[in-house]
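Owing to the predicted nature of the structure, the values given are computational and were not obtained by experimental measurement. Computed over heavy atoms, backbone and side chain alike; hydrogens, waters and symmetry mates excluded. Numbers here simply count residues along the sequence, with the first being 1.
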Amino acid sequence: MRFMTTSDKPDNASETPAEPPVERTGVAAQDWAKASAEPQYRAAVVDLLGALAYGELAAFERLAEDAKLAPTLSDKAELAKMASAEFHHYEKLRDRLTEIGEEPTLAMEPFVAALDGFHRQTAPSDWLEGLVKAYVGDSIASDFYREVAARLDTDSRELVLAVLDDTGHAGFAVEKVRAAIDADPRVGGRLALWARRLMGEALSQSQRVVADRDALSTMLVGGVADGFDLAEVGRMFSRITEAHTKRMAALGLAA
């Protein structure tokens with residue numbers, strides 16, 4: 001989870017919703033220099049980049065840890081490559097925060113407890129659970145950030161979408177999980193329950209984080225330029241839930 005972590009979309013699934021089709025008006029049509037003149041908008045973007053940055057750092061750490069559970073050397077190497085990609089995403093966000101005059105560690109700090117808490121509550125017990133967690137949990141977060149990115153200034157939107165690029169984890173996870181289920185169908189039931197738990201934890205955690213940060217919540221429900229209204233927030237979470245159902249199908253699991 002990027003406040004949860006990564007974007008990951010497999011080739012055979014269209015479940016990550018595209019950026020909502022919106023006309024570029026207001027903040028979304030401005031660059032950072034102009035949009036950041038509004039203090040509350042600037043605070044919201046700093047929060048967003050801080051949450052993403054710590055999510056990417058946590059993703060790097062988690063993937064490196066998951067590599068220890070890998071059953072083969074090739075699997076271990078694949079996860080190491082993904083971990084490296086996550087760290088490069090973190091570096092982009094860290095550098096951007098520094099560029100706009102913010103201290104990266106201070107921007108990340110408000111999200112450490114929530115993210116670490118999520119990962120403690122959803123620690124995988126084996127290799128397959130780790131793959132499902134990265135695929136399901138991370139993709140929910142990425143869907144959320146893509147929705148938010150549609151309302152950001154042009155510079156911030158470009159950066160956020162860049163760090164949500166697929167690291168290759170999705171296709172890798174789908175291949176390995178489907179192979180495991182084919183080998184032992186009983187695995188599917190256990191992993192389906194695990195994925196449902198992840199979905200609930202990820203959504204509740206993201207909602208708590210946003211609620212605790214005034215600038216972020218104001219952006220989402222309206223009040224900062226052309227932010228979401230409450231009805232749109234409901235539609236957003238419906239789209240995220242629908243995308244989750246499609247991802248589960250790609251894994252060969254029931255939502």
CH2 of Trp194 to CE of Met199, rounded to nearest 0.5 Å, is 15.0 Å
Separation between CZ (Arg196) and NE2 (His244), nearest 0.5 Å, reads 8.0 Å
Given side-chain contact (heavy atoms from CB on, under 4.5 Å), test Tyr145 with Leu161 step by step and report yes or no. CA-CA 8 Å; Tyr145 287 124; Leu161 294 178; over 6 Å; no
Ignoring hydrogens, what is the shortest heavy-atom contact between [X] and [Y]? Give both atom names and the distance.
| X | Y | result |
| --- | --- | --- |
| Trp32 | Ile100 | NE1-CG2, 3.5 Å |
| Leu97 | Leu49 | CD2-CB, 3.8 Å |
| Ile140 | Ala202 | CD1-CB, 4.1 Å |
| Ala53 | Tyr90 | O-CD1, 3.4 Å |
| Thr154 | Ala28 | CG2-O, 3.6 Å |
| Lys133 | Leu198 | CA-CD1, 3.4 Å |

Closer than 3.5 angstrom, by distance alone: can the side chain of [X] be matched with the main-chain N or O of [Y] as a donor-acceptor pair?
| X | Y | result |
| --- | --- | --- |
| Arg146 | Leu164 | yes |
| Asp155 | Asp31 | no |
| Lys76 | Ala70 | no |
| Glu129 | Ser125 | yes |

| task | Start with the C-alpha distance between Lys81 and Glu78, add both sets of side-chain angles, then the distance that settles salt bridge (Lys or Arg N to Asp or Glu O under 4.0 Å), and finish with yes or no. | result | CA-CA 5 Å; Lys81 182 175 71 175; Glu78 190 67 23; 3.5 Å; yes
I'd like to know if [X] and [Y] make a salt bridge, using a cut-off of under 4.0 Å between side-chain N and carboxylate O.
| X | Y | result |
| --- | --- | --- |
| Arg62 | Glu65 | no |
| Asp126 | Arg190 | yes |
| Lys176 | Asp75 | yes |
| Arg42 | Glu38 | no |

[X]: side chain to side chain contact (heavy atoms under 4.5 Å, CB included) partners, not counting sequence neighbours:
| X | result |
| --- | --- |
| Ala83 | Phe60, Leu63 |
| Glu91 | Phe87, His88, Arg94 |
| Ala35 | Val27, Gln30, Tyr41, Asp153 |

* Does CD belonging to Glu103 count more than 12 external heavy atoms closer than 6.0 Å? ->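 Counting other residues, nucleotides and ligands, CD of Glu103 exceeds 12 neighbours.
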| Flag if over 12 foreign heavy atoms under 6.0 Å of CD, Glu61 |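 Open: at most 12 neighbouring heavy atoms sit under 6.0 Å from CD of Glu61.
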(request) Applying side chain to side chain contact (heavy atoms under 4.5 Å, CB included) between Phe111 and each of Asp116, Asp47, Leu52, report the one that passes. (result)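 That would be Asp47; it is the only one of Asp116, Asp47, Leu52 passing the side chain to side chain contact (heavy atoms under 4.5 Å, CB included) with Phe111.
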Is there a side-chain contact (heavy atoms from CB on, under 4.5 Å) between Val136 and Arg247 once you walk through the steps? CA-CA 7 Å; Val136 172; Arg247 285 194 187 93; 5.6 Å; no
- So do the side chains of Tyr54 and Glu109 get within less than 4.5 Å of each other, counting heavy atoms only?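 Not touching, per the 4.5 Å side-chain cut-off.
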